[in-house]
S.K.: 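Please see the structure below; I have some questions.
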Amino acid sequence: MSIKALLLLAALTLIVSSAHAGPAPGRDLRVIVVGGNSNYPPYQFLDHNGEPRGFIVDLTRAIARVMGMQIEIRLDDFGKILKELDSGEVDILEGLSYSDARAREYDFSTPHSIIVQAIFARKGTPAVKSLEELKGKKVLVHSGGGMHSYLLEKHYDADLVLTGSPRDTLQQLAAGRCDYAVVALLPAMYIIREEKLSNLVPVATNVAPQRYYCYAVKKGNAELVAQMNEGLSILKKTGEFNEIYDRWIGVLEPQRTSWLDVAKYAALVVIPLSLVLMGTVLWSYSLRRQVAQRTESLSSALAELQRNQQQLVQADKMAALGILVSGVAHEINNPTGIILMNMPTLKKIFRDAERIFDRYQEEEGELTLGGIRYKRVRQEVPLMLDEMQDGAERIKKTVEDLKNFARKDDEARKELLDFNQVVQTAVRLVDVATRKFTNDFSVSYAEALPAVFGNEQRLEQVVVNLVMNAGQALPDPSCAIALQTRYDAGSGRVMLTVRDQGSGISPEHLKHLTDPFFTTKRESGGTGLGLSISANIIKDHGGDIAFDSRLGEGTTVTLSLPAAVAGSKNGQ
């Protein structure tokens with residue numbers, strides 16, 4: 001074959017191939033705009049991200065896939081979408097109820113859904129069975145929806161209260177605006193579940209003729225309707241239609257009971273009955289055991305009640321003590337305030353009198369005041385006045401600490417605290433007692449200690465209790481008590497260590513120290529509540545108390561609290 005013949009054959013082959021490479025018959029390559037209602041779940045709606053979702057949305061996408069169509073789904077207010085269909089901005093609606101009036105304006109596909117209308121009311125509202133019973137009552141209905149048109153045809157105009165959407169309809173019903181609403185059953189059940197409108201129930205179903213939900217186009221676009229019908233037919237034959245239906249609609253419909261379910265439920269009844277019959281044989285023996293257990297429980301409850309009564313008595317004593325402390329503090333504050341108010345005046349008077357006494361002594365010779373030589377008076381009196389003012393201020397501070405400590409604090413308000421300051425206040429409160437307990441009391445405060453989040457009064461109560469326990473454990477005043485605050489960066493905790501050189505605690509008692517009413521000092525007035533209450537306070541603050549003790553070697557108590565973190569309310 002010549003070269004020209006080969007070139008001619010290649011050219012013919014290329015022309016034929018080009019002719020066969022065109023669009024497949026019946027395939028529409030332009031983008032078809034599909035409109036729908038943005039607020040009609042579970043059929044069609046916009047999710048929280050503004051994306052189209054729902055049964056018809058998935059169905060439309062499946063039809064487009066099997067028919068090779070390119071689509072754009074546009075969901076918006078139904079009235080707006082309907083106008084865009086009329087103006088040609090939207091090619092097809094994916095959900096429109098069929099009616100004879102609408103059939104004069106639009107072409108409809110075969111139905112893809114059947115809409116059942118229902119009457120909803122709040123629980124406890126008198127039930128109605130039909131639309132006829134709603135006449136004369138105010139009824140909520142979605143404006144522009146299928147039921148709105150139907151009720152207008154039935155002359156319900158004066159009784160209707162219009163809303164913007166089915167969701168709005170049910171929300172207003174739940175809020176009590178009207179007593180009844182007419183809404184499509186499945187959308188209503190979906191919205192009630194999603195919005196948690198638990199006070200709404202359907203009181204009547206199938207109250208109007210079933211409405212067929214179809215695809216709809218403007219008159220004259222029969223080709224597009226035919227494509228949608230063909231797509232629907234394919235999906236039904238392949239079973240994909242049922243899959244989409246079950247995913248969205250099936251979960252809302254009442255489930256049919258199969259014979260297998262009947263057998264299962266029957267077994268659930270028969271088997272327990274058999275077990276009950278078998279259990280009656282052991283019933284008598286079981287009752288005897290229960291009586292014994294109940295007797296033991298009642299005995300324990302009685303003992304617990306007695307312990308609670310003791311705790312209430314102790315709490316009442318503490319409340320009375322708080323009232324007494326507040327009253328005494330008020331009486332002490334009055335004379336202390338007079339001293340603090342007059343002391344600066346006395347200092348000024350003495351400073352002015354010094355010049356007079358100095359001149360008098362220069363002119364008259366040696367001067368004595370109150371039997372004391374003036375030279376000594378001039379040196380000692382300013383110091384005495386300073387000591388008196390300092391003593392009065394210490395009295396005032398101690399009284400304030402006692403009042404704060406005794407103040408009732410039901411709410412246990414927590415705030416950021418300087419833990420060193422908490423320990424300092426507690427140490428001042430027990431200053432007199434610690435001087436009786438020991439001649440060697442020391443406190444070491446860590447620098448730059450992080451703040452803790454807690455209740456100042458309750459934390460002071462814990463520190464006071466630990467120091468008092470340490471003092472009571474000392475055999476004589478020569479034994480020492482040492483307190484130390486520090487920060488453990490590894491655990492992020494603020495620590496307080498209380499060490500004493502006391503008699504120590506036996507191992508069998510160590511594990512019960514925080515048990516309510518456990519004490520080894522009952523004969524000396526101990527109640528066994530101090531460490532129990534302290535442990536609960538520290539636990540409430542997210543902290544821990546640990547005890548390390550050996551007989552004859554003393555005890556170390558370690559208290560730890562989480563350091564406060566910026567923006568945190570619990571320090572953890």
Side-chain angles (χ1 to χ4, degrees), residues 386-387 389-391 393-405 409 412-435 437-471 473-474 479-502 531 534-535 537-549 553-572:
D386 288 340
E387 288 177 353
Q389 183 170 4
D390 181 62
E393 289 176 348
R394 289 179 61 190
I395 292 172
K396 181 179 179 182
K397 181 61 178 173
T398 301
V399 169
E400 288 177 353
D401 290 342
L402 283 171
K403 288 172 67 179
N404 290 334
F405 185 75
D409 191 8
R413 181 174 58 87
K414 294 181 180 179
E415 57 190 351
L416 285 176
L417 301 174
D418 180 347
F419 191 62
N420 279 341
Q421 187 65 44
V422 171
V423 176
Q424 289 170 4
T425 302
V427 168
R428 284 198 303 270
L429 287 171
V430 296
D431 179 60
V432 175
T434 52
R435 291 181 186 179
F437 291 140
T438 178
N439 298 326
D440 187 0
F441 182 83
S442 62
V443 186
S444 174
Y445 298 105
E447 295 183 359
L449 195 67
V452 298
F453 193 81
N455 180 271
E456 183 176 10
Q457 181 185 359
R458 293 194 174 184
L459 291 178
E460 288 173 3
Q461 178 181 351
V462 173
V463 178
V464 166
N465 185 264
L466 295 180
V467 175
M468 293 297 292
N469 280 353
L474 300 182
C479 298
I481 298 176
L483 275 67
Q484 180 186 19
T485 63
R486 60 188 175 87
Y487 176 58
D488 183 4
S491 63
R493 290 188 166 242
V494 174
M495 318 287 285
L496 169 67
T497 304
V498 181
R499 294 186 178 89
D500 67 68
Q501 295 178 341
L531 286 178
S534 296
I537 291 173
I538 297 304
K539 182 179 179 182
D540 179 59
H541 284 71
D544 297 295
I545 293 183
F547 301 89
D548 183 20
S549 182
E553 298 182 13
T555 302
T556 299
V557 182
T558 303
L559 183 155
S560 70
L561 293 169
V565 179
S568 170
K569 288 191 176 182
N570 56 13
Q572 301 182 33

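Along the sequence shown, residues are numbered consecutively beginning with 1. All figures in this text were calculated on a predicted structure; none of them were measured in a lab.
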S.K.: Between V467 and F437, does the side chain to side chain contact (heavy atoms under 4.5 Å, CB included) criterion hold? Intermediate values first, please.
M.R.: CA-CA 10 Å; V467 175; F437 291 140; over 6 Å; no

S.K.: To the closest 0.5 Å, what do you measure between CZ (F547) and OG1 (T556)?
M.R.: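 Going from the CZ atom of F547 to the OG1 atom of T556 covers 11.5 Å.
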
S.K.: For N455 and K414, work out which heavy atoms get closest and say how close.
M.R.: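 Shortest heavy-atom contact: N-CG, 3.9 Å.
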
S.K.: Quick check on side-chain contact (heavy atoms from CB on, under 4.5 Å): which of D418, V423, V422 does N420 satisfy it with?
M.R.: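 The option that passes is D418.
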
S.K.: What is the minimum heavy-atom distance between G554 and S549, and which atoms define it?
M.R.: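 Closest pair (atom of G554, atom of S549, distance): O-OG, 3.3 Å.
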
S.K.: Rounded to the nearest 0.5 Å, what separation is found between the CG atom of L459 and the CG atom of L561?
M.R.: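 Rounded to the nearest 0.5 Å, the CG-CG separation comes out at 6.0 Å.
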
S.K.: Please check this pair: side chain of S442 against backbone of A482, looking for a donor-acceptor N/O pair closer than 3.5 Å.
M.R.: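 It does not hold such a pair.
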
S.K.: Can you tell me how far apart CG (L559) and OG1 (T497) are? Round to the nearest 0.5 Å.
M.R.: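 Answer for the CG-OG1 pair, L559 versus T497, is 9.0 Å.
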
S.K.: Can you name the residues that form a side chain to side chain donor-acceptor pair (under 3.5 Å) with T438, not counting sequence neighbours?
M.R.: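 Checked T438 against side chain to side chain donor-acceptor pair (under 3.5 Å); zero matches.
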
S.K.: If you look at every heavy atom in A563 and V494, which pair is closest and at what distance?
M.R.: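 Heavy atoms of A563 and V494 come nearest at CB-CG2, 4.1 Å.
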
S.K.: How far does OG of S444 sit from CG of L483, to the nearest 0.5 angstrom?
M.R.: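 So the OG of S444 and the CG of L483 are separated by 9.5 Å.
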
S.K.: Checking D431 now: which residues fulfil side chain to side chain donor-acceptor pair (under 3.5 Å) with it, not counting sequence neighbours?
M.R.: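 D431 satisfies side chain to side chain donor-acceptor pair (under 3.5 Å) with R435 once adjacent residues are dropped.
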
S.K.: Quick one: list whatever passes salt bridge (charged side-chain N to carboxylate O under 4.0 Å, His left out) with D548, sequence neighbours left out.
M.R.: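 Testing D548 for salt bridge (charged side-chain N to carboxylate O under 4.0 Å, His left out), a comparison that skips the adjacent residues, returns R550.
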
S.K.: With Q501, which residues qualify under side chain to side chain contact (heavy atoms under 4.5 Å, CB included), at least two apart?
M.R.: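 Once residues adjacent in sequence are excluded, the partners of Q501 under the side chain to side chain contact (heavy atoms under 4.5 Å, CB included) criterion are C479, A480.
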
S.K.: To the nearest 0.5 Å, tell me how far R499 CZ sits from Q484 CD.
M.R.: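 One gets 6.0 Å once the value is rounded to the nearest 0.5 Å.
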
S.K.: Show the nearest heavy-atom pair for residues V452 and P562, with the distance to one decimal.
M.R.: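 Looking at all heavy atoms of both residues, the shortest contact is CG1-O, 4.0 Å.
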
S.K.: Excluding sequence neighbours, so at least two apart, what forms salt bridge (charged side-chain N to carboxylate O under 4.0 Å, His left out) with D544?
M.R.: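 Only R493 meet the salt bridge (charged side-chain N to carboxylate O under 4.0 Å, His left out) criterion with D544.
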
S.K.: Rounded to the nearest 0.5 Å, what separation is found between the CD atom of E460 and the CG atom of N465?
M.R.: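 It comes to 13.5 Å.
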
S.K.: By the definition side-chain contact (heavy atoms from CB on, under 4.5 Å), identify the one residue from I481, V498, V430 that meets it with L466.
M.R.: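 For L466, the side-chain contact (heavy atoms from CB on, under 4.5 Å) test succeeds with only one of I481, V498, V430, which is V498.
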
S.K.: For I537 and H541, work out which heavy atoms get closest and say how close.
M.R.: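 Residues I537 and H541, closest heavy atoms: O-ND1, 2.8 Å.
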
S.K.: Looking at every heavy atom in both A451 and L416, which two are closest together, and how far apart are they?
M.R.: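 Heavy atoms only, the tightest pair is CB-CD2, 4.4 Å.
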
S.K.: Going by salt bridge (charged side-chain N to carboxylate O under 4.0 Å, His left out), name the residues that satisfy it together with E553, two or more places apart in sequence or in a different chain.
M.R.: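 None.
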
